[in-house]
There are 2 protein chains.
Amino acid sequence: MTAADPTVGELSEGAILRRILDRLGDSSALVGPGDDAAVIAAPDGRIVASMDTLVHGPDFRLAWSSAFDLGWKAAAVNLADIAAMGARPTALLVALAMPDATRLSFVEGIAEGLRAACAALAPGCAVEGGDLTVSDTLTIAVTALGSLEGGSPVLRSGARVGDVVALAGDPGRAARGLHLLFTRFRDAEGSPIAVDERSLTPGERADLFVQLRPSPPLRLGPIAAAAGATALMDVSDGLVLDASRLAAASGVSIALETASLGEDPASALTGGEDHTLLATFRPGVRLPEGFRAIGSVVDRGEAAVLVDGRPHTGQGGWDPYRDWDSRGG
Amino acid sequence: MTAADPTVGELSEGAILRRILDRLGDSSALVGPGDDAAVIAAPDGRIVASMDTLVHGPDFRLAWSSAFDLGWKAAAVNLADIAAMGARPTALLVALAMPDATRLSFVEGIAEGLRAACAALAPGCAVEGGDLTVSDTLTIAVTALGSLEGGSPVLRSGARVGDVVALAGDPGRAARGLHLLFTRFRDAEGSPIAVDERSLTPGERADLFVQLRPSPPLRLGPIAAAAGATALMDVSDGLVLDASRLAAASGVSIALETASLGEDPASALTGGEDHTLLATFRPGVRLPEGFRAIGSVVDRGEAAVLVDGRPHTGQGGWDPYRDWDSRGG
């Protein structure tokens, strides 16, 4: 305990809130933080809304992620869901549940990460409300809101046979970054230890950065929508698994070509947390810059996803209930 | 482990989600659950948005609350924040973070409680999206969205000297219900034990019901707004504490009269989780049915809140960081 950096348990909710609000930047809402609720503009009469949660343990480890990283990532992964509808993010709400031993400086770091991610990835979007509670498990639940700006939402269900399957972003890097953490930065008991960046190659450092502080290609969501994307989704659980969801929603199968997936197709196919944008476009449509063709939409077959013409076998991505084991790592 | 009631750890995210969606009732959104984000109508070009979290430990105990109770309460307390802006709730998003030993039937109970609370308290409002994650601490984070239907939001900052202070709802009951739980339904070590309703008087049962399954006077939010309320807020942390927040936001003091606060003014003044609606109206305005006068707005003085003409001393309500001690109760 230090006077300069008290724990949240030593402070009132109001005092913590003031320090957070000081770091969130300017509100652009009709009614910003501080009342019972925020009021957000929805100029075209609709609002896009999504929610995602980062939980200490399955989603992050404090030995590996700074408070700034957590705030950044909590914002980025939620903003990605808005972009994946073809919308522009306009506001975040953030519910922080923290052990009362959490340092105030840590909370401030989360706020700074949230602000920086909004500024970098979705200018004009800010944290406009939220909630503070006590919890034994540090948890950051974020709601993202966005505007379709007059356009139609691009759903997972719109892919048609013959469409080109396209991807924006760099699949597999986040998974390689996570693999580095699990293989190189744990002690003999398997507990996470601090990352020593000097031990990493430049490529490894880049993979780790994508894992800890992702920058999804958000601006390409509305661009894909304007270019006529028939389906669009955020790839968060692995390309094959998420492509199989898009295929199921659209009643089609998706044929992927590994030749278009870079030098590490295994990671690209099944790695989680990519936050790439998976889109389908009618054949002959010129793909917006930033997208590249990775396959095609074919008739619904037994396998939802084909890889180089063969049904994909094995795990297609990450499922929190199947894959997370709190005893490990 | 039983085949009939598996744990969430034995199931895929998709399988859990399907069981939840089966119990949530019909979507009334433009795009409901199942895509990257929901799309909610915002007919007047604005959306009211708020977020609140229930965390196992500080906010509920599984010995005392059923899954249905939790779903109901998580919906009700969030809907109350929308009503407190003068708005009508239109959609909820729900992020559930659960230990993987959680039974599927428990998750279904939460979904049923969410649905029932929406049906009873905010017809037309439904769960339209959310998130499932694993956590060591059962956590229910809810975002509520609402429509002002062309009206102005009623803020905390609009109270003016001379206004009548009015309240809708029954302050102190939820706190008395919590007091019953802490004093009568814990074992010798202080751990929560199941409630035996037969040991309670009818009045005690009613208090407990208000604590576990609150029914805030939501429909009175828009009615207060239409009647010209100058300020409006959800009383969640205790009447004196929340009145002091309204007073601070408005630059006034608030004088309360205990004679208007029923037979247990001490609980009414400081009890948390009331989810009553605190409003101010210009003098001479006929109060909407359901509101009663409990005081008046006076010039800003040293004390934000006066009770029977004297500054209120002592704790005015509940502050999670000050009041929650995970070692107790």
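Proteins get letters first, then strands, A, B, ... in listed order; numbering begins at 1 in each. When reading the values below, keep in mind they use all heavy atoms of this one structure, side chains included, and skip hydrogens, waters and symmetry mates.
- Between chain B and the residues A:Ala38, A:Gly146, A:Ala141, A:Ala91, the most heavy-atom pairs under 4.5 angstrom are made by A:Ala38.
- Here B:Ile40 is the residue among B:Ile40, B:Leu148, B:Val55, B:Leu30 with the most heavy-atom pairs under 4.5 Å with chain A.
- Here the side chain of B:Asp36 pairs no donor or acceptor atom with the backbone of A:Met85 at under 3.5 angstrom.
- Between B:Thr137 and A:Thr139, the closest side-chain pair of non-hydrogen atoms is not below 4.5 Å.
- Judged by distance alone, with hydrogens and angles left aside, the side-chain atoms of A:Asp35 form a donor-acceptor pair with the main-chain N or O of B:Arg156 at under 3.5 Å.
- With a threshold of 4.5 angstrom between heavy atoms, B:Leu155 approaches chain A through its backbone and through its side chain.
- Each of A:Leu93, A:Leu92, A:Val142, A:Val94 was checked for a side chain to side chain contact (heavy atoms under 4.5 Å, CB included) with B:Met51, and the lone residue meeting it is A:Leu93.
- Ranked by non-hydrogen atom pairs under 4.5 Å with chain B, the options A:Gly130, A:Ser50, A:Ala42, A:Gly129 are led by A:Ala42.
- Between B:Asp59 and A:Thr133, the closest side-chain pair of non-hydrogen atoms falls below 4.5 Å.
- Interface remark: A:Val31 contributes side-chain atoms only to the contact with chain B (heavy atom separation under 4.5 Å).
- Taking the side chain as every heavy atom from C-beta outward, A:Asp136 and B:His56 never approach each other to under 4.5 Å.
- Within the 4.5 angstrom heavy-atom criterion, no atom of B:Leu54 approaches chain A.
- Neither the backbone nor the side chain of A:Leu246 comes within contact range of chain B, judged by heavy atoms closer than 4.5 Å.
- Every residue two or more places apart in sequence or in another chain that forms a side chain to side chain contact (heavy atoms under 4.5 Å, CB included) with B:Leu17 is listed here: B:Leu21, B:Leu132.
- Ranking B:Ala84, B:Ser147, B:Ala249, B:Ala144 against chain A, the residue ahead of the rest is B:Ala84, based on heavy-atom pairs under 4.5 Å.
- The heavy-atom pair separating A:Ala37 from B:Val48 by the smallest distance is CB-CG1, 3.5 Å.
- Take B:Arg18 and apply the side chain to side chain contact (heavy atoms under 4.5 Å, CB included) test, not counting sequence neighbours, and it matches B:Ala15.
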Margin query: The test is side-chain contact (heavy atoms from CB on, under 4.5 Å); show your working for A:Glu13 and B:Asp237 and say whether it passes.
Written below: CA-CA 11 Å; A:Glu13 188 175 7; B:Asp237 294 335; 4.3 Å; yes
